[in-house]
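Report on one structure; see the data block that follows.
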Amino acid sequence: MNKKAWVMKFKKYAVLAGVNEPKKSCHGVRKARAEVAAYADCPESQMMAMFGWTDPKMPAHYIAQANREKLGVSGMDKIIAFDQGHSLGDFIPLPAENNGVTRGANKVVTLRSNIEKKTQ
């Protein structure tokens with residue numbers, strides 16, 4: 001189905017569904033489905049067939065966007081797993097100034113320069 005035929009069919013069913021607002025179009029629906037297809041690891045050729053594209057630039061755009069987000073999420077997962085198995089103190093020794101604590105049960109770490117400010 002070409003783009004114009006798809007648009008006409010979308011408008012027909014939008015009117016039947018009672019969603020016939022002037023600023024509504026099928027572009028948002030196509031974009032949303034293209035994003036889902038990219039996240040579902042559909043290849044460029046399959047996305048081109050599904051959405052009627054003749055140029056591989058559009059599916060490449062959605063696939064790159066999905067890959068960036070997937071890489072970001074998996075990178076954060078690795079950081080979380082690493083943090084759970086290690087302490088920051090294992091890598092960066094705390095300065096001696098951080099050994100001072102405030103009075104009380106919560107044992108908040110504070111710098112010596114801040115102790116005087118807290119007691120005033």
Side-chain angles (χ1 to χ4, degrees):
M1 180 181 302
N2 68 27
K3 185 177 177 180
K4 285 186 180 182
W6 203 91
V7 168
M8 294 307 296
K9 189 172 284 264
F10 178 85
K11 286 185 179 188
K12 174 186 171 185
Y13 286 106
V15 169
L16 291 173
V19 185
N20 190 21
E21 298 177 32
K23 293 190 178 191
K24 301 292 181 189
S25 72
C26 61
H27 175 75
V29 175
R30 285 178 54 141
K31 180 178 179 181
R33 297 318 297 165
E35 289 174 352
V36 170
Y39 283 102
D41 295 326
C42 291
E44 284 182 6
S45 56
Q46 192 172 36
M47 290 179 68
M48 288 173 65
M50 289 172 15
F51 299 105
W53 294 320
T54 56
D55 188 352
K57 288 181 183 177
M58 286 310 297
H61 167 76
Y62 289 108
I63 291 169
Q65 180 182 350
N67 287 343
R68 259 191 316 274
E69 188 168 331
K70 287 177 186 179
L71 284 170
V73 169
S74 68
M76 291 306 294
D77 289 342
K78 288 179 182 181
I79 289 174
I80 290 168
F82 182 84
D83 286 347
Q84 289 174 346
H86 297 85
S87 170
L88 185 60
D90 296 342
F91 305 99
I92 303 171
L94 295 174
E97 292 86 17
N98 282 1
N99 290 335
V101 294
T102 56
R103 292 181 285 287
N106 63 358
K107 302 289 183 191
V108 175
V109 176
T110 185
L111 298 173
R112 285 188 189 144
S113 61
N114 290 337
I115 290 174
E116 293 176 15
K117 293 176 188 173
K118 290 184 178 185
T119 57
Q120 293 176 354

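Hydrogens, waters and symmetry mates are skipped; everything else that's a heavy atom, side chains included, is used.
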**Q.** Shared hydrophobic cluster, Trp53 / Met50 (ILVMFWY, side-chain heavy atoms < 4.5 Å)
**A.**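 Yes, Trp53 connects to Met50 through the hydrophobic network.
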
Q) Quick one: salt bridge (charged side-chain N to carboxylate O under 4.0 Å, His left out) pairs with a partner in residues 56-71, sequence neighbours left out? A)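 Sorted pair list: Asp41-Lys70.
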
Hydrophobic side-chain clustering at under 4.5 Å (ILVMFWY, transitive links): who's grouped with [X]? Put none if nobody.
X     : answer
Ile80 : none
Met76 : Ile79
Val73 : none

Q: Compare all side-chain heavy atoms of Lys9 with those of Tyr13 and state whether any distance is below 4.5 angstrom.
A: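 Counting from C-beta outward, Lys9 and Tyr13 do come under 4.5 Å.
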
Q. Do Phe51 and Met58 have side-chain heavy atoms sitting under 4.5 Å apart?
A.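 Side chain of Phe51 against side chain of Met58, heavy atoms only: no contact under 4.5 Å found.
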
Q | Partner residues of Ala66 under the side chain to side chain contact (heavy atoms under 4.5 Å, CB included) criterion, sequence neighbours left out | A |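 Only Ala38, Tyr39 meet the side chain to side chain contact (heavy atoms under 4.5 Å, CB included) criterion with Ala66.
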
**Q.** Partner set under side chain to side chain contact (heavy atoms under 4.5 Å, CB included) for Val36, not counting sequence neighbours
**A.**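 Expected list: Arg33.
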
Q: Could you grab the distance from atom NZ of Lys31 to atom NE2 of His61, nearest 0.5 Å is fine?
A: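 Answer for the NZ-NE2 pair, Lys31 versus His61, is 6.5 Å.
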
Q) Around atom CE of Met8, are there more than 12 heavy atoms of other residues, nucleotides or ligands at under 6.0 Å? A)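 Check fails, neighbour count at 12 or below.
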
Q: For Pro56 and Met48, work out which heavy atoms get closest and say how close.
A: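 In terms of heavy atoms, the two residues are closest at CA-SD, 3.8 Å.
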
